[in-house]
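Note that the structure is a prediction, hence the values are computed from the model and not measured. Throughout, a chain's letter reflects where its sequence line sits, starting with A, and its residues are numbered from 1. Just so it is clear, the values below take in all heavy atoms, side chains as well, and ignore hydrogens, waters and symmetry mates.
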Protein chains: 2
Amino acid sequence: MDSTVKAPDNRSLLIPQFENISTLSDREMTLLQALEQDARHYPVNATLTAEGEFSDRLFMLKSGWACATRILADGQRQVLDIFLPGQILGLREMGMRHSLTEFYAMTDALACPFPKQRLTEIFEQSPKLTDLFFLAMAREQSMLIERVTNIGRRNALERLAHFIVEIKVRLTLRNMPFELPINQSMLGDTLGLSSVHISRTFKQLKTLGLLDHQNGNLHILDLEGLIELSGFDRAYLDTSPEWTRL
Amino acid sequence: MDSTVKAPDNRSLLIPQFENISTLSDREMTLLQALEQDARHYPVNATLTAEGEFSDRLFMLKSGWACATRILADGQRQVLDIFLPGQILGLREMGMRHSLTEFYAMTDALACPFPKQRLTEIFEQSPKLTDLFFLAMAREQSMLIERVTNIGRRNALERLAHFIVEIKVRLTLRNMPFELPINQSMLGDTLGLSSVHISRTFKQLKTLGLLDHQNGNLHILDLEGLIELSGFDRAYLDTSPEWTRL
DNA sequence: CGGCATGTTGACCATATTCAATTGAAGTGG
DNA sequence: CCACTTCAATTGAATATGGTCAACATGCCG
């Protein structure tokens, strides 16, 4: 029920993430805070950046879920990233004038747009923050290669299970309760499956006693079961201790 | 026949790439050159870094092909990246102590190992190079999302065609002739298909008059046909003008 | 109450996998 | 130079997995 708008307090989401890895100076904290000013509200399905559109901005996601999608020539859609609060949207398009993908809000969301230029300025002023942004991007890539593996080599059952565990882990790292504000059509477009097959696969996971649907909310009944079934590898999302302290 | 060892000259591969986007000072060139010292020879199938192994090094690939792979619990393999000369191997593992994936030489290769630390030093000394490395990583991610799209939403025929075009484009950007030193089993593991199906799909592409096999060498007969069939989008690999000049 | 979006189900079909046999090409050693 | 081995590629047959289409159910919101 609550991936919705909140964070009226202007507490930074970046600072705690980064301090987890390194110690920041006041100056560095100020630089980060500048990226989290002027939160704007985006209602469900609002577009932040359209595919192909000129864009010189990134977005710091303060609350809610967002995603990046790509539409193929024949109208099919592929979801490329699912963003949770604290992530920056568009890092991979730093060097591009036009967006390769559409970014949009999957739930009501708060996000702070800021010019790409500002990141470059940070690189000029703080090598440590540079490292940290580099790491953020590396972590994003790690998620992406997991997705490639997931889609490339697992069947529907394992794939869906894996995805659910991934989301569960990412939410847990943020101290957020599990939820899945994604319809089955988009889930299909995320996992390379049809929406119909997502429905069947959910049913299968329920039959196996791993999941449960209660009044519209999805519940994980057996996380370990899901992990085992999907062959999930924790390493790729864990922060410390695997991530080097700087 | 010639993705093999050469480059006895110690000409930098990074400098021209980067100068394509920005102008470098002498100091910056020196920093880059330091990454391309001490080329080591890796024979076909040699491992540069094993999966799960401790690693504090990256590799600058001078010649030959390399790749990153991941082995699943059930023994299946997924190829995650294919690296061509001029690329840096391991960028996404900058912050990790242990490698998520295996890196190995697909052909005879020359590569220069250097400590991750050196990249951090570059960040400290040159914001411009920082930008450029950030962009290199962004470009890598762009390739990755194309792969996700490819595997997630295209059928075998389109997928293989798309892959071939991608390789063709990347080789052309390097002024290298087209070749494909990859066996069908690995191709399958790259594209999320079985090796048997790769064989059948090749046959189909030949029947369509798009490809040809001459004494063991693959030839592209109709690049435009492949592009159209696969829905290939040039934007994601082009360097200028899409990539911002810094 | 009605309308629209989302999810579920069944029947049928398409696509790709698996398994096994065969062919082919590239070394290797006699 | 010719078996002989080995590994990759090819082919066919049977099977599995997931897609498509269409009907129907459900839930939400106005």
Side-chain angles (χ1 to χ4, degrees), chain A residues 1 4 43-45 72 74-79 106-108 150-163 179-207 211-219 229-230, chain B residues 1 4 43-45 72 74-79 106-108 150-164 179-208 211-219 229-230:
Chain A
M1 52 160 71
T4 46
V44 193
N45 293 326
L72 304 211
D74 61 359
Q76 290 191 93
R77 178 177 60 173
Q78 176 69 46
V79 175
M106 302 173 71
T107 67
D108 261 24
N150 203 24
I151 298 179
R153 300 272 79 158
R154 284 193 258 258
N155 65 26
L157 193 67
E158 300 165 337
R159 232 183 269 184
L160 182 54
H162 191 279
F163 179 78
E179 62 170 340
L180 205 57
I182 312 184
N183 66 29
Q184 299 191 346
S185 168
M186 188 167 329
L187 249 177
D189 291 339
T190 306
L191 299 178
L193 296 167
S194 69
S195 62
V196 173
H197 205 60
I198 293 284
S199 175
R200 296 193 224 274
T201 308
F202 261 127
K203 190 177 170 187
Q204 222 178 329
L205 287 173
K206 285 175 210 160
T207 307
L211 291 183
D212 192 22
H213 240 343
Q214 300 183 9
N215 47 17
N217 277 48
L218 193 65
H219 282 265
L229 169 63
S230 66
Chain B
M1 53 166 62
T4 47
V44 192
N45 293 327
L72 303 210
D74 60 358
Q76 290 192 91
R77 178 177 60 173
Q78 175 68 47
V79 175
M106 302 173 70
T107 68
D108 263 23
N150 203 24
I151 298 180
R153 301 271 79 159
R154 286 194 258 258
N155 65 26
L157 194 67
E158 300 164 336
R159 234 184 267 186
L160 182 54
H162 191 278
F163 178 78
I164 289 168
E179 61 170 342
L180 206 56
I182 312 183
N183 66 29
Q184 298 190 351
S185 167
M186 189 168 326
L187 249 178
D189 291 338
T190 306
L191 299 178
L193 295 166
S194 70
S195 62
V196 173
H197 204 59
I198 293 285
S199 174
R200 296 193 223 273
T201 308
F202 261 127
K203 189 178 172 185
Q204 222 179 327
L205 286 173
K206 285 175 211 158
T207 308
L208 290 171
L211 292 183
D212 193 20
H213 240 345
Q214 300 183 12
N215 48 15
N217 277 48
L218 192 66
H219 282 267
L229 170 62
S230 66

Check your understanding: Can you name the side-chain hydrogen bond (donor to acceptor under 3.5 Å, both in side chains) partners of A:Asp212, sequence neighbours left out?
Key ->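 Result, side-chain hydrogen bond (donor to acceptor under 3.5 Å, both in side chains) vs A:Asp212: A:Gln214.
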Exercise for review: Report the residues that fulfil side-chain hydrogen bond (donor to acceptor under 3.5 Å, both in side chains) with B:Asn150, sequence neighbours left out, ordered by chain and then residue number.
Suggested key: B:Arg154
Check your understanding: Could you give the angle between the helix axes at the two ends of the helix from C:dC1-D:dG30 to C:dG30-D:dC1, with five pairs per end, rounded to 10 degrees?
Key ->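 Rounded to the nearest 10 degrees, the bend comes out at 30°.
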**Study point:** Boundaries of the DNA chain C segment in contact with chain A, non-hydrogen, under 4.0 Å
**Key:** C:dT6 to C:dA11
Every protein N/O lying under 3.5 Å from an N/O of nucleotides 15-19 of chain D:
{"unit_1": "D:dG18", "atom_1": "OP1", "unit_2": "A:Ala156", "atom_2": "N", "d": "2.5"}
{"unit_1": "D:dG19", "atom_1": "OP1", "unit_2": "A:Ser194", "atom_2": "N", "d": "3.1"}
{"unit_1": "D:dG19", "atom_1": "OP2", "unit_2": "A:Ser194", "atom_2": "N", "d": "3.1"}
{"unit_1": "D:dG19", "atom_1": "OP2", "unit_2": "A:Ser194", "atom_2": "OG", "d": "3.0"}

List, with names and distances, any nitrogen or oxygen atoms from the protein found under 3.5 Å away from nitrogen or oxygen atoms belonging to nucleotides 26-30 of chain D.
none

**Study point:** Residue whose closest nucleotide on DNA chain C lies nearer the 5' end, B:Gln76 versus A:Lys203
**Key:**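 Between the two, 5'-proximity favours A:Lys203.
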Check your understanding: Can you name the salt bridge (Lys or Arg N to Asp or Glu O under 4.0 Å) partners of B:Arg159, sequence neighbours left out?
Key ->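 With sequence neighbours excluded, B:Arg159 shows a salt bridge (Lys or Arg N to Asp or Glu O under 4.0 Å) to no residue whatsoever.
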Name the atoms and distances for all side-chain donor-acceptor pairs under 3.5 Å in residues 193-205 of chain B, with sequence neighbours left out.
{"unit_1": "B:Ser194", "atom_1": "OG", "unit_2": "B:His197", "atom_2": "N", "d": "3.2"}
{"unit_1": "B:Thr201", "atom_1": "OG1", "unit_2": "B:His197", "atom_2": "O", "d": "2.6"}

Point to revise | side chain to side chain contact (heavy atoms under 4.5 Å, CB included), paired with B:Leu160, selected from B:Leu229, B:Leu211, B:Thr190, B:Leu187 | key: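 Only one of B:Leu229, B:Leu211, B:Thr190, B:Leu187 forms a side chain to side chain contact (heavy atoms under 4.5 Å, CB included) with B:Leu160, namely B:Leu187.
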Practice item. Could you list all the salt bridge (charged side-chain N to carboxylate O under 4.0 Å, His left out) pairs where at least one residue sits in residues 181-195 of chain A, not counting sequence neighbours? Key: A:Arg77-A:Asp189, A:Asp189-B:Arg153
Practice item. Sequence neighbours left out, what passes side chain to side chain contact (heavy atoms under 4.5 Å, CB included) with B:Asp74? Give chain and number order. Key: B:Leu72, B:Gln76
